[in-house]
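What follows is a short report on a single structure.
In what follows, every chain begins at residue 1, and chains take the letters A, B, ... in the order their sequences are listed. All values reported here derive from a predicted model rather than from experimental measurement.
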Amino acid sequence: MTPDEATRIRVRWPDGSSSDVPAGTTAGVALRGWNPEKARTALAALLEGQAVDLARPLTRDGALAPLAFSDPAGREVLQHSAAHVVAKAITELVPSALPTVGPPTEEGFYYDFEMRPLTAEDLQQIEVRIRETVQRKEKFERVEVSKDEANRLFRSNPHKLRYISEVPEGEPVSIYRTGSFTDLCRGPHVPDAGWLQGLHILGFSAIAPEASEPGSTFQRIRGVAFPTRAELDAYLKQRAEAEARDHRVLGPRLELFAFSEEIPGFPFWHPKGMIVVRQLEAFVREHLAEAGYSEIRTPLLFPRTVYETSGHWEHYRENMFLTTVEDREFGIKPMNCPGAMLTFRTRSRSYRELPMRLAEFAPLHRLEASGTIHGLTRAREFVQDDAHLFVSEDQIPAEIQTLFDWIKRAMGTFRLEWTCELSTRPEKFMGTIEAWDRAEATLKTVLDASGAAYKVSPGEGAFYGPKIDIHIRDSLGRSWQCGTIQLDFQIPTRFGLQYQGADGALHTPVVIHRVILGSWERFFGVLLEHCAGWLPPWLAPVQVRVLPVTERQIPRVNELVQTWRGAGLRVEFTDSQDTLSKRIREAEVSHIPYIVVVGDQEVAAQTVALRTHGQKGQRSLPPDDFVALVRAKVAAREYDP
RNA sequence: GCCGCGGUGGCUCAGUCGGUAGAGCGGCUCCUUGGUAAGGAGCAGGUCGAGGGUUCGAUUCCCUCCCGCGGCUCCA
C-alpha cells in the first residue's frame, strides 16, 4: 500500500556511521545490514536510546544500536521474556491462575500470580512446558490494541484491568503473544523463545496478598535466564560455590558460633568466634579513641515508662521482649537510645560538652518475626557498635562527614563493597513534618558533598528520624544493612534534654544515632561469606598451626609455640599421630592462614618451613622473621596473609 | 507471622512399598614416625525432631507442635 517504501530514512549507528534504509525496515534487518556480527548477538535494539523489539519497523530517522545480553538493559529484556514463558507454562497448567506482574530483578526475574499454592509436582510440569516452548522457539509478537480491546482481552483478570486503567487515555496498549499466551506488556522482548536456552526456575513462594484482596493467595515464581545452557551452567556453578560459603554452615564448621534449637535466633559465640568479636571491638574502639568518644554501660532492661518517653512503647512494642515483675512492666532494650538519653540527662549540660559522643556495645533483643531469622545476619539478640552523638545543629555536618570517612576506611579494611541509601519520613513517624524536612535536607547536603553515589528510599526512615544506611552483600548477593547514621530531632525533646548555650539560654541537642559495622553478628556473618571463611590474619582465631614432621621435633615445636604465644601470635600445634599430609589438610580445612612445618632439616638449620594460604608452595625462614612477618600483617590489618 | 519444602549417629547422606536401621567423614583405641590437602585396623555412637492417632505392630501412614531451608513482609 505504501508510498513510504519509496521513502528512505537515515539510521545513525553507534560507530558514528549512518545508512539509508527504506522506511518500514525492521530494526533487526537494519542491524544486520550494518554489522552482521553484532546483529547476531543482539536480542533487541536501542532506538533513540529506547529498548525496542528487533521486529520494530523503523519509521523515521534516528539512532539505532544493538542490545546484547551483556548490556544490563539487554539482560533485562531476556529476563522479562523468560518471565512470559514461565507465565505461559503456569497458565497452561493452572488455567485459573491470574498473572499480575513479572518484572526483571537484579538477579533474574519473577512473576506473581493470584492462584492456589504451587507444589513441587507443579514445578516439574512447569519445567516440561517451558522446555517445549523454548525448543519450539515460539515467537514473541507485539500487537497494539485500543484500551477497549485490551479491557475485553483481559476481562477475567482484575489485576491486568487495573494496569490497563493506568495507561494514559488515548495511548495504545501493547500486548505480547507467545503461542497461546497473551500478556499485557510494554516490551520489548527477544524475537523468540529460542533465546531462552538457559532458563532456570529458582523457586516459588507465597507472597503477601494485596491489601485490597484479603483472603486471596498469591504465588511468586522466581527464575533466571541466560541465552545459552553453558552460561546457565556457569551461573549455577558459581551459585553452588556461593552457597558453600554460607556463614551458617561455615560458622559451626570452623567452631566460631552456633545456634541451638532451644532458642532460635540467639547466637552462641564459641571460643574462636569470640576472638574475632574482640578483634572487631578493638578495631572500632581505636576509632572511638581517635574521634573523641566515651564508652558507657547502661541497663539492659527499662520499665515501660522509659519506652513511653522514647516512643518505643508506641512504635516498637510488638518487636520487644516484655516481662512483668512486681506488677511493673519491663522491656529488654531493643536499642541503646534510652540508656544514652538518661545518661545525658543525669545533670545539667553545657555547650562546651558538645559534641558528646557516647558509645555503648550492649546486647540488644528484638522479637523479629520467626520467619525472618537468618543466622547471624538476622538474629534476635545482637550487639551493635553503637553510639549516640549529642550535638548542636551546626555541628551535624562535620560529625556526619567524620563518620562517612570512617565508614569508607573501615569498609576498605575488609575489602567490602558497599552502597549507600538515604531513607526519608515513614508513614508512622514522630514529630513535625518541618523538623523532618530539615533533617532530611541536612543529610542530603552531606551526602551530596561527600560525592558518594546514593539512592533515596522514600518512607524508609526510622520513626524518629531520617537516616543514611550502608549496605553490604552476602555471598548470594543478598543485601544487608549494616552501618546507619540517623538524625534524631525527636527523642532529645521527648526526654527533655537540654544544654546551656554560650548565649546563656537552654537548647535541645540533636542526637545522631550511628553504627559503623552495624552489629558484630550481622557484619561478621557477611564478612565470613565475603572471605569464604578465610579471615584476614588479624581476625583469624588461629593464625598459625605448627606441625612436627615426627615426634623427634616435638620439643622444638613446644619451644617455638611458647615463644610465639609470648609474641602475641595465636598458635596451635598438632602432634605426630597422623601423617603430615593429613595434618596439612586438617589445617587447610580449618582455614588457618599460616602452616608451619618443623622437621629434622628445620631443627638443624634453625628455620621453619612456612606454607601461607593463597600462596603456592612453601618457603624456609628463620622463626624470628616469621614472627615479624605475621606481626606486621596483623598490625596493618592486612587482608591477605 | 504467612506460603512451600524438609528433619535418619557430631557432620554429609542411603534405607525401610508398615515388621524398631546402614555407609563415609569425624571421635576413641592400637599399629604406622611420615616432608606439604585424607596410611591401616578395630571400637563406640541413633527411643529415625517431639507429642498424639490409625494398626497386632509406626522411623515409615494421618494430625498437631518444634526446628531448619527458600521466598513474602520486616530489619542492624
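The main-chain N or O of A/L447 is never found under 3.5 Å from a side-chain atom of A/Y454 such that the two would form a donor-acceptor pair. At distances below 3.5 Å, at least one donor-acceptor pair connects side-chain atoms of A/E602 with backbone N or O atoms of A/G599. Between the side chain of A/Q553 and the main chain of A/V603, no donor-acceptor pair closer than 3.5 Å is present. A distance-only check finds a donor-acceptor pair linking the side chain of A/R380 to the backbone of A/E368 [under 3.5 Å].
With both pairing distances under 3.5 Å, B/G34 is matched to nothing as a Watson-Crick or G-U wobble pair. Taking a pair to require two hydrogen-bonding distances under 3.5 Å in either a Watson-Crick or a G-U wobble arrangement, B/U59 remains unpaired. Across all strands shown, B/A44 has no partner, as no Watson-Crick or G-U wobble contact with both distances under 3.5 Å is found. Nucleotide B/C72 is matched to B/G1 when pairs are restricted to Watson-Crick or G-U wobble geometry with both distances under 3.5 angstrom. Here B/C67 sits opposite B/G6 as a Watson-Crick or G-U wobble pair (both hydrogen-bonding atom distances under 3.5 Å). With a 3.5 Å ceiling on both atom-pair distances, the Watson-Crick or G-U wobble partner of B/G24 is B/C11.
Outside the 6.0 Å centre-distance limit, the rings of A/W564 and A/Y594 are not counted as a close aromatic pair. Between A/H388 and A/Y293, the gap from one ring centroid to the other reaches at least 6.0 Å.
Distance check on atom P: B/C67 versus B/U29 gives 38 Å, rounded to whole Å. When the P atom is used for both B/C62 and B/G4, the distance is 15 Å, rounded to whole Å. Only the P atoms considered, B/G70 is 23 Å distant from B/G10, to the nearest whole Å. Spacing between B/G68 and B/C11 at atom P, rounded to whole Å, works out to 14 Å. Across the C1' atoms, B/U32 and B/A41 are found 11 Å apart, a figure rounded to whole Å. A distance of about 10 Å separates the C1' atoms of B/C17 and B/U60, rounded to the whole Å. Taking the C1' atoms as reference points, B/G22 lies 12 Å from B/C48, given to the whole Å. Here, B/A50 and B/C13 have their C1' atoms 23 Å apart, quoted to the whole Å.
For the pair A/R220 and A/Y110, the cation-pi test (distance below 6.0 Å, angle within 45°) is passed.
When rounded to the nearest whole Å, the span between CZ of A/R585 and P of B/C25 equals 11 Å. What separates NE2 of A/H374 from P of B/G1 is a distance of 18 Å, to the nearest Å. Atom-to-atom, CZ of A/F266 to P of B/C67 comes out at 12 Å; the value is rounded to the nearest Å. Across the protein-nucleic acid pair, A/K467 atom NZ and B/A76 atom C1' stand 9 Å apart, rounded to whole Å. Across the protein-nucleic acid pair, A/R545 atom CZ and B/U36 atom P stand 18 Å apart, rounded to whole Å. Atoms CZ (A/R380) and P (B/C75) sit 16 Å apart, rounded to a whole Å. In this structure, the CZ atom of A/R378 is 17 Å from the C1' atom of B/G68, given to the nearest Å. With rounding to whole Å, A/E106 atom CD is found 14 Å from B/G71 atom P.
Nucleic acid contact class of A/Q601 (heavy atoms, under 4.0 Å, all strands): base. Nucleic acid contact class of A/G203 (heavy atoms, under 4.0 Å, all strands): none. Nucleic acid contact class of A/Q481 (heavy atoms, under 4.0 Å, all strands): sugar-phosphate only. A/R253 comes within 4.0 angstrom of no nucleic acid atom, judged by non-hydrogen atoms across all strands. A/D600 comes within 4.0 angstrom of a base, heavy atoms only.
One cannot find a donor-acceptor pair under 3.5 Å joining the base of B/C3 and the side-chain atoms of A/R220. Between the side chain of A/E602 and the base of B/G35 there is at least one donor-acceptor pair of N/O atoms closer than 3.5 Å. Not a single donor-acceptor contact under 3.5 angstrom links the side-chain atoms of A/R248 to the base of B/C69. Evaluation of atom-type donor-acceptor distances gives a pair under 3.5 Å for the side chain of A/R611 against the base of B/A37. For B/G39, its base never sits under 3.5 Å from the side chain of A/S581 at any donor and acceptor pair.
For A/Q618 and B/U36, the shortest distance from a side-chain N or O to OP1 or OP2 is not below 4.0 Å. Taking side-chain N and O atoms only, A/K582 has a distance below 4.0 Å to OP1 or OP2 of B/G26.
The residue among A/A609 and A/Q577 whose nearest nucleotide of RNA chain B is located toward the 5' end is A/Q577. Residue whose closest nucleotide on RNA chain B sits further toward the 5' end, between A/T579 and A/V549: A/V549.
For A/E368, the listed nucleotide lying nearest its side chain is B/A76; candidates were B/A76, B/G70, B/U33. Comparing B/C74, B/U36, B/G34 by their nearest atom to the side chain of A/R552 picks out B/G34. In this structure, the nucleotide among B/G68, B/A76, B/C3 sitting nearest to the side chain of A/P264 is B/G68. If you check B/U33, B/A76, B/G35 against the side chain of A/C482, the one that comes closest is B/A76. With distances taken from any side-chain atom of A/S519 to the nucleotides B/G34, B/C3, B/A76, the minimum falls on B/A76.
Under 3.5 Å, the side chains of A/D469 and A/T484 contain a donor-acceptor pair of N or O atoms. A/E114 and A/T100 form no side-chain donor-acceptor contact under 3.5 Å, judged by distance and modelled atom types alone.
Remark: ring of A/F204 not stacked against base of B/G71; the cut-offs of centroid gap under 5.5 Å and plane tilt under 30° are not jointly satisfied.
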